[in-house]
Asks: 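The structure that follows is given in the form of C-alpha cells.
Convention: sequence-line order gives letters A, B, ...; per-chain numbering from 1.
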Amino acid sequence: MNDSAAGLADPLPVPVYTLTKARSQIVRLVETQGLKVRPDEVRDVEAEVHADLAVPLFRAAKDAGADPVALARELASKLDLSHTLFRQVEAAQGYLNFRFNPVRFARSVVRDFQIEPEGYGKSTLGQGKTIVIDYSSPNIAKPFSVGHLRSTVIGHSLHRILSWLGYFLVGDNHLGDWGTQFGKLLEAWEIWGREELFKEHPTRYLLDLYVRFHEEAKVNPALDDRARDWFRRLENKDQAATRVWRRFVELSSAEFQRIYDLLGVEFDSTLGESFYADRLEPLVRHALDRGVAKREHPLEPAGNGEDDVARDERVVLIPLDSAGIDTPLILQKSDGTSLYATREIATAEYRIENWNPEQILYVVGNEQTFYFRQFNAALRLLGRRTPCVHVSFGLVRLPEGRMSTREGRVVFLEDVIIEAIRRARRIVEDRDMPDDEKEELARIVGIGAIKYADLSQSRVKEVVFDWDKMLALDGDSAPYLQYAHTRCRSILNKAGKPALKSRPDPGLLIHPDEVELLRQIARFPEAVLAAGTNHEPHRIAGRLYKLSQSFSSFYNNVPVLKADSQDLLRTRLYLVEMTGATLRNGLWLLGIEVPDRM
RNA sequence: GCGCCAGUAGCUCAGCCAGGAUAGAGCAUCGGAUUUCUAAUCCGACGGUCGGGGGUUCGAAUCCCUCCUGGCGCGCCA
C-alpha cells in the first residue's frame with residue numbers, strides 16, 4: 001500500500017517496477033533528512049560490496065557543507081526503513097549502503113511479474129504517441145550485403161522495444177528504388193542485358209551490370225550522359241524506361257523478401273523512394289516560393305560533354321548558413337532531376353502528414369551524419385518541426401577494407417545466413433530429434449547468432465566483418481541465451497503442471513544463486529527502458545546475458561525438481577518460470593527466436 | 001584543410017550520456033567438474049600504463065583542452 005501509493009506519486013511510466021520504486025524510496029528517505037539526491041545517483045551495485053543499492057553522498061554533502069563520512073553515518077542512524085523494500089542501511093566511507101529486505105524484495109519482483117508475465121518489462125511511457133522508424137531500406141538492384149544487416153536488425157529490434165514502451169510504431173522499409181543509378185542500369189541493360197541471367201540471379205546480375213557500367217564509363221564518358229538521360233526519362237514517366245525499371249524492382253523485392261523471411265523481420269509499410277516521385281516537383285516549387293530555396297548557377301557544369309549544360313540550367317538548393325552549415329542542400333540537379341535528399345524531404349513530409357509522429361527515427365550508417373544535419377536544418381526551414389533522429393551505426397568493413405558494391409567487394413548476407421545455419425547444423429546433427437526439427441533448430445540458432453552478434457555491441461563502433469565472430473555459437477552469444485531458455489522450459493515441462501499456477505513463497509529464496517537470479521530479473525525492465533530511450537538494443541542483450549549467466553550457475557548448483565520440500569519446489573519452479581519468460585521477452589525484443597529444445 | 005566518430009586484457013567487446021568503492025565479460029591458453037533438472041554448461045587460473053600529455057574535482061576509463069592513430073564525411077552518389 002505504502003509502496004505503490006508512493007510510487008504512483010512520481011511521474012514515472014507505469015508500472016513502476018521494483019528497482020525503480022526502490023530508487024524513489026531512497027530519494028525520499030534521504031529527503032526526510034533535508035538532503036537532495038537524484039534517482040540516478042542511486043547506484044545499482046552489481047556485485048562486490050555489501051549492498052544492493054548505494055548512494056555516494058559526496059556531492060550532497062558538499063552542497064550542504066558537511067563532511068560526507070560523518071553525514072553518511074548520521075543518515076544511516078536516522079533513516080526509518082519501515083514500509084520500504086529495505087531491511088538495512090549502513091554508512092561506509094561516505095556511502096549509504098542499502099540492503100533489501102529479501103522477502104519484501106522477492107515479493108515485489110514476483111508482483112511485478114504477475115501483472116503480465118508475457119509482458120514483463122512493458123511500460124506506458126509512449127502511450128498515445130507515434131514513432132515512425134525507417135530501417136533496412138536496401139537499394140533495389142543490389143544484393144543484400146552484410147552492410148545492410150545492421151540497419152535491418154537494429155531497426156527491427158527498436159521497433160519492438162519502443163512498442164513495448166507503449167508507442168505506436170510505423171516501421172517503414174524505405175526501398176532505394178529511385179535515383180541516378182537506375183539511369184545507369186537502364187543504359188547497361190539496353191546494351192548488355194540478358195534476360196536469362198537476370199532471371200536466375202536478379203540482384204547479383206544487376207550488380208554485375210552496374211559494375212560493368214562503371215568500368216566502361218571510365219573510358220567512355222558518354223555512357224554517363226546517356227544514363228542521366230535515362231533517369232530523366234524515368235522521372236518523366238517514359239513508358240519503356242518504367243517498364244524495365246518495374247521489373248528490376250519486382251524481382252529484387254522478391255529476393256529481399258526471401259531474406260526477410262529467413263530473418264523473421266517485418267515492416268508495417270514498404271513505400272520505396274519511387275512512391276514519392278510525384279511529390280518532388282511540388283516540393284521544389286514550394287521551397288522556391290517560400291524563399292527557402294533558390295536557383296543558382298552550378299559551381300561546375302554537370303557532365304563533361306560538349307554543349308550539354310545550357311547556360312540557363314541551374315541547380316535548386318537550400319542555403320543552410322542560418323543553421324551554421326556552409327554546405328547547401330541541393331534539391332534539384334541542373335538537368336532537372338531529383339536527388340536522394342529531395343526524396344527524403346518529400347518522404348518526411350508524407351510521414352508527418354500521414355502519421356503525425358512524435359519523431360522519425362532513421363536507422364542509417366554514420367557516414368550520413370553530416371547529411372542528416374543538413375536534412376534536419378532544411379526540414380526546419382521548410383516549417384517542419386518533427387525531430388528526425390539519426391540512429392547511426394558504424395560501418396561494416398572487410399579486413400581488406402571498405403565494402404564496395406561498385407567494385408564488387410562485398411559479402412552477401414544470404415551467404416552469411418547459409419553459413420550460419422550450416423555451422424549450427426553441425427552441432428544439431430547428433431541431437432535425438434526429427435530431421436525437420438533439426439533443420440528448424442539450426443535456422444533459429446544460426447539466425448539468432450547473426451543477429452545477436454550485431455545487437456550485443458553498441459551501435460557506434462565500426463565492425464570488421466569476421467565469420468567466426470559473427471557466427472559464434474558459444475560464450476556471449478544468442479545460442480547461450482537460447483540454451484538457458486530451453487533449460488528453463490525443460491525443467492517446467494518435466495514438472496508437469498503449469499508453474500504459473502503454483503504459489504511461490506518468496507521467503508524461501510535464500511540461496512545466493514536464487515537471490516542473484518532474482519536481482520537479475522528485477523533489472524530487466526530498466527534495461528528495456530534504457531534500450532528504448534537511447535535507441536540501444538545492446539542494453540537488453542547485456543542484461544539477458546548476465547541473467548543467463550546467473551541462471552546457468554543456479555542450474556548447476558540448485559536442484560529444482562529435487563528440491564527438499566514441495567513449497568521450495570513450487571517456489572523454485574516459479575523462479576524458473578520468471579527467468580524463462582524474461583529471456584523469452586528479451587530475446588523477442590531483439591528479434592531473436594527461441595527454440596523449444598536444443 | 002575543416003568536421004563527426006572510435007581507441008579499455010593477446011583478440012573481440014561492455015562500462016562513458018547523468019564522474020564514485022579493488023575497471024567487467026567472451027574468445028584464446030592452462031587446470032578442474034558429468035551415477036543429479038540437456039556439458040551449446042559450470043568452477044578456477046592467467047592476462048589491463050583504460051592511446052599519450054595536461055586540466056577540473058575530495059575522487060576521472062567517464063567531464064574539458066591538446067596531441068597521436070584509425071575510420072567516415074565535406075553542392076548536383078545514395
Side-chain angles (χ1 to χ4, degrees), chain A residues 38-41 43 45-49 51 54-59 61-62 68 92-95 97 137 139 176 178-181 184 273 296 298-303 315-319 325-335 337 339-341 343-344 364-371 373-374 392 394-395 397 402 406 424 427-428 431 445 453 456-458 460-464 466 468-469 472-477 479-480 482-484 486-488 490-495 534 538-539 541-542 545-546 548-549 552-553 555-563 572 576 597-598:
Chain A
R38 303 186 311 266
D40 59 85
E41 283 180 287
R43 292 169 34 79
V45 182
E46 273 288 351
E48 72 260 34
V49 232
V55 189
L57 286 174
F58 305 98
R59 189 208 48 77
K62 193 176 203 176
Q93 309 155 51
Y95 290 82
N97 287 339
S137 309
N139 290 321
W178 208 245
T180 313
Q181 80 269 26
K184 294 175 181 175
E273 291 184 58
E296 204 174 80
L299 288 184
E300 290 166 26
V315 292
V316 177
L317 52 77
I318 301 180
I325 301 171
D326 54 12
T327 307
L329 190 71
I330 298 192
L331 271 191
Q332 191 175 73
K333 295 191 277 187
S334 51
D335 66 1
T337 58
L339 283 142
Y340 176 61
R343 301 188 287 275
E344 274 308 316
V364 174
N366 64 10
E367 71 273 13
Q368 294 195 31
T369 300
F370 176 71
Y371 158 74
R373 276 188 61 212
Q374 291 182 298
S392 72
L395 206 71
R397 321 173 15 200
R402 186 178 184 173
R406 194 174 292 191
I427 298 180
V428 170
R431 290 290 187 278
V445 167
S456 62
Q457 68 178 283
S458 62
V460 294
K461 298 200 184 183
E462 92 175 12
V463 174
V464 177
D466 177 78
D468 291 333
K469 189 192 168 205
L473 300 176
D474 58 6
D476 186 1
S477 68
Y480 180 79
Q482 291 166 325
Y483 187 62
T486 60
R487 281 175 149 184
C488 292
S490 173
I491 291 175
L492 294 166
N493 287 339
K494 289 209 167 148
N534 296 310
H538 81 284
R539 289 176 187 270
Y545 179 61
K546 288 210 172 97
S548 299
Q549 280 183 314
S552 295
S553 175
Y555 183 90
N556 232 267
N557 300 328
V558 183
V560 176
L561 296 177
K562 294 185 179 170
R572 284 184 179 159
V576 171
R597 50 178 182 165
M598 290 177 73

Asks: Describe the nucleic acid contact of Val464(A) in one word from base, sugar-phosphate, nothing, applying a heavy-atom distance below 4.0 Å.
Replies: nothing
Asks: Does Gln482(A) reach a base, just sugar-phosphate, or nothing at all? Heavy atoms under 4.0 Å.
Replies: nothing
Asks: How should the glycosidic conformation of rG75(B) be described, syn or anti, under the criterion that syn lies within 90° of 0?
Replies: syn
Asks: Report the distance from atom CD of Gln332(A) to atom CG of Leu339(A), rounding to the nearest 0.5 Å.
Replies: 9.0 Å
Asks: Expressed in whole Å, how much space separates the P atoms belonging to rA61(B) and rG24(B)?
Replies: 13 Å
Asks: For Glu367(A) and rC77(B), what is the distance between atoms CD and P respectively, to the nearest whole Å?
Replies: 17 Å
Asks: Without decimals, in angstroms, what is the distance between Lys461(A) NZ and rG70(B) P?
Replies: 18 Å
Asks: Determine the interatomic distance between C1' on rA14(B) and the same-named atom on rU8(B); round to the nearest Å.
Replies: 10 Å
Asks: Between rC4(B) atom P and Glu462(A) atom CD, what is the distance in whole Å?
Replies: 18 Å
Asks: With a cut-off of less than 4.0 Å, is there a side-chain N or O of Arg59(A) near OP1 or OP2 of rC58(B)?
Replies: no
Asks: Are any of the side-chain heavy atoms of Val445(A) and Val428(A) separated by less than 4.5 Å?
Replies: no
Asks: Reading RNA chain B 5' to 3', what string of ( ), [ ], | and . shows its pairs, if Watson-Crick and G-U wobble pairs count only when both distances fall under 3.5 Å?
Replies: (((((((..((((......[...)))).(((((.......))))).....(((((..]....))))))))))))....
Asks: rC77(B), OP1 or OP2 - any side-chain N/O from Gln181(A) closer than 4.0 Å?
Replies: no
Asks: For rA60(B) versus rC50(B), give the span between their P atoms, rounded off to a whole number of Å.
Replies: 12 Å
Asks: Base, sugar-phosphate alone, or nothing: which one does Gly179(A) contact when heavy atoms must sit under 4.0 Å apart?
Replies: sugar-phosphate
Asks: Do the side chain of Gln368(A) and the main chain of Gly365(A) share a donor and acceptor less than 3.5 angstrom apart?
Replies: no
Asks: Could you check whether any side-chain heavy atom of Arg572(A) comes within less than 4.5 Å of a side-chain heavy atom of Pro559(A), counting everything from C-beta outward?
Replies: yes
Asks: Roughly how far apart are Gln482(A) CD and Met598(A) CE, rounded to 0.5 Å?
Replies: 5.5 Å
Asks: Does the side chain of Arg343(A) reach to within under 4.5 Å of the side chain of Glu273(A), using non-hydrogen atoms?
Replies: yes
Asks: Taking the nucleotide of RNA chain B with the closest heavy atom to each, which residue, Leu473(A) or Lys469(A), is nearer the 5' end?
Replies: Lys469(A)
Asks: Can you see if the side chain of Arg487(A) gets near the phosphate of rC37(B) - specifically, an N or O under 4.0 Å from OP1 or OP2?
Replies: no
Asks: Return yes if some donor-acceptor pair links the side-chain N/O of Gln374(A) with the main-chain N/O of Pro328(A) below 3.5 Å, else return no.
Replies: yes
Asks: Rounded to the nearest angstrom, tell me the gap between atom CG in Asp468(A) and atom P in rG10(B).
Replies: 20 Å
Asks: Can you check whether Tyr555(A) has a side-chain N or O nearer than 4.0 Å to OP1 or OP2 of rA40(B)?
Replies: no
Asks: What nucleic acid atoms does Ala495(A) come within less than 4.0 Å of, heavy atoms only: base, sugar-phosphate, or nothing?
Replies: nothing
Asks: Examine rA14(B): is either OP1 or OP2 under 4.0 Å from a nitrogen or oxygen in the side chain of Ser456(A)? Give yes or no.
Replies: no
Asks: Once hydrogens and angles are ignored, does a donor-acceptor distance under 3.5 Å link the base of rA21(B) to the side chain of Asn97(A)?
Replies: yes
Asks: Please work out if Gln549(A) contacts a base, only the sugar-phosphate, or nothing of the nucleic acid, heavy-atom cut-off 4.0 Å.
Replies: sugar-phosphate
Asks: Within less than 4.0 Å of OP1 or OP2 of rC77(B), is there a side-chain N or O belonging to Lys333(A)?
Replies: yes
Asks: Do the side chain of Glu462(A) and the main chain of Arg397(A) share a donor and acceptor less than 3.5 angstrom apart?
Replies: no
Asks: Measure from the side chain of Tyr483(A), starting at C-beta and using heavy atoms only, and say which of rA39(B), rC77(B), rA21(B) lies closest.
Replies: rA39(B)
Asks: Using a 4.0 Å heavy-atom cut-off, does Ser458(A) contact any base of the nucleic acid, only the sugar-phosphate backbone, or nothing at all?
Replies: sugar-phosphate
Asks: Please work out if Arg572(A) contacts a base, only the sugar-phosphate, or nothing of the nucleic acid, heavy-atom cut-off 4.0 Å.
Replies: nothing
Asks: Compare side-chain N and O positions of His538(A) against OP1 and OP2 of rC13(B) and report whether any pair is under 4.0 Å apart.
Replies: no
Asks: With a 4.0 Å cutoff (strictly under), does any side-chain N or O of Lys494(A) reach OP1 or OP2 of rU38(B)?
Replies: yes
Asks: If you measure from the P atom in rA21(B) to the same atom in rC63(B), how many Å do you get, rounded?
Replies: 15 Å
Asks: Quick check on rU38(B): is either OP1 or OP2 less than 4.0 Å from any side-chain nitrogen or oxygen of Ser490(A)?
Replies: yes
Asks: Work out how far the P atom of rU35(B) is from that of rU22(B), and round it to whole angstrom.
Replies: 42 Å
Asks: Take Ile330(A) and Val316(A) through the test side chain to side chain contact (heavy atoms under 4.5 Å, CB included) and record every step on the way to the result.
Replies: CA-CA 6 Å; Ile330(A) 298 192; Val316(A) 177; over 6 Å; no
Asks: What is the nucleic acid contact for Arg373(A), judged by heavy atoms within less than 4.0 Å: base, sugar-phosphate only, or nothing?
Replies: nothing
Asks: Please evaluate the base of rA40(B) for a donor-acceptor partner in the side chain of Arg431(A) within a cut-off of under 3.5 Å?
Replies: yes
Asks: Looking at side-chain heavy atoms only, is the closest gap between Pro319(A) and Leu317(A) below 4.5 Å?
Replies: yes
Asks: Rounded to whole angstrom units, what separation is found between the CG atom of Asp476(A) and the P atom of rA28(B)?
Replies: 13 Å
Asks: Start with the C-alpha distance between Val576(A) and Tyr555(A), add both sets of side-chain angles, then the distance that settles side chain to side chain contact (heavy atoms under 4.5 Å, CB included), and finish with yes or no.
Replies: CA-CA 9 Å; Val576(A) 171; Tyr555(A) 183 90; over 6 Å; no
Asks: Have a look at Val463(A) and say if it touches a base, only the backbone sugar-phosphate, or nothing, with a 4.0 Å heavy-atom cut-off.
Replies: nothing
Asks: Please list, chain by chain and in numerical order, all residues satisfying ring pair (Phe, Tyr, Trp, His ring centres under 6.0 Å) with Tyr545(A), sequence neighbours excluded.
Replies: Tyr480(A)
Asks: Quick one: label Phe58(A) by what it contacts on the DNA or RNA (base, sugar-phosphate, nothing), any heavy atom closer than 4.0 Å.
Replies: base
Asks: Using the P atom as the point on both nucleotides, what is the distance between rA33(B) and rG52(B), in whole Å?
Replies: 42 Å
Asks: Using whole Å, report how far CD1 of Ile330(A) lies from C1' of rA78(B).
Replies: 14 Å
Asks: Using the P atom as the reference point in each nucleotide, state the distance between rU56(B) and rG70(B) in Å, no decimals.
Replies: 32 Å
Asks: So Asp40(A), base contact, sugar-phosphate only, or nothing? Heavy-atom distance under 4.0 Å.
Replies: base
Asks: When we call it a touch if two heavy atoms are under 4.0 Å apart, what does Gln332(A) touch: a base, just sugar-phosphate, or nothing?
Replies: nothing
Asks: Provide the distance between the two P atoms, one in rG19(B) and one in rG59(B), to the nearest whole Å.
Replies: 16 Å
Asks: Figure out the CG/P separation between Leu339(A) and rG75(B), and round it to whole Å.
Replies: 12 Å
Asks: Map Ser552(A) and Trp178(A) onto RNA chain B by nearest heavy atom, then report which one ends up closer to the 5' terminus.
Replies: Ser552(A)
Asks: Side-chain N or O of Lys62(A) less than 4.0 angstrom from OP1 or OP2 on rC58(B)?
Replies: yes
Asks: Using OP1 and OP2 only, check whether a side-chain N or O of Arg397(A) sits under 4.0 Å from rA6(B).
Replies: no
Asks: Tell me: CD1 of Ile427(A) to C1' of rU41(B), nearest whole Å?
Replies: 13 Å
Asks: Please work out if Val445(A) contacts a base, only the sugar-phosphate, or nothing of the nucleic acid, heavy-atom cut-off 4.0 Å.
Replies: base
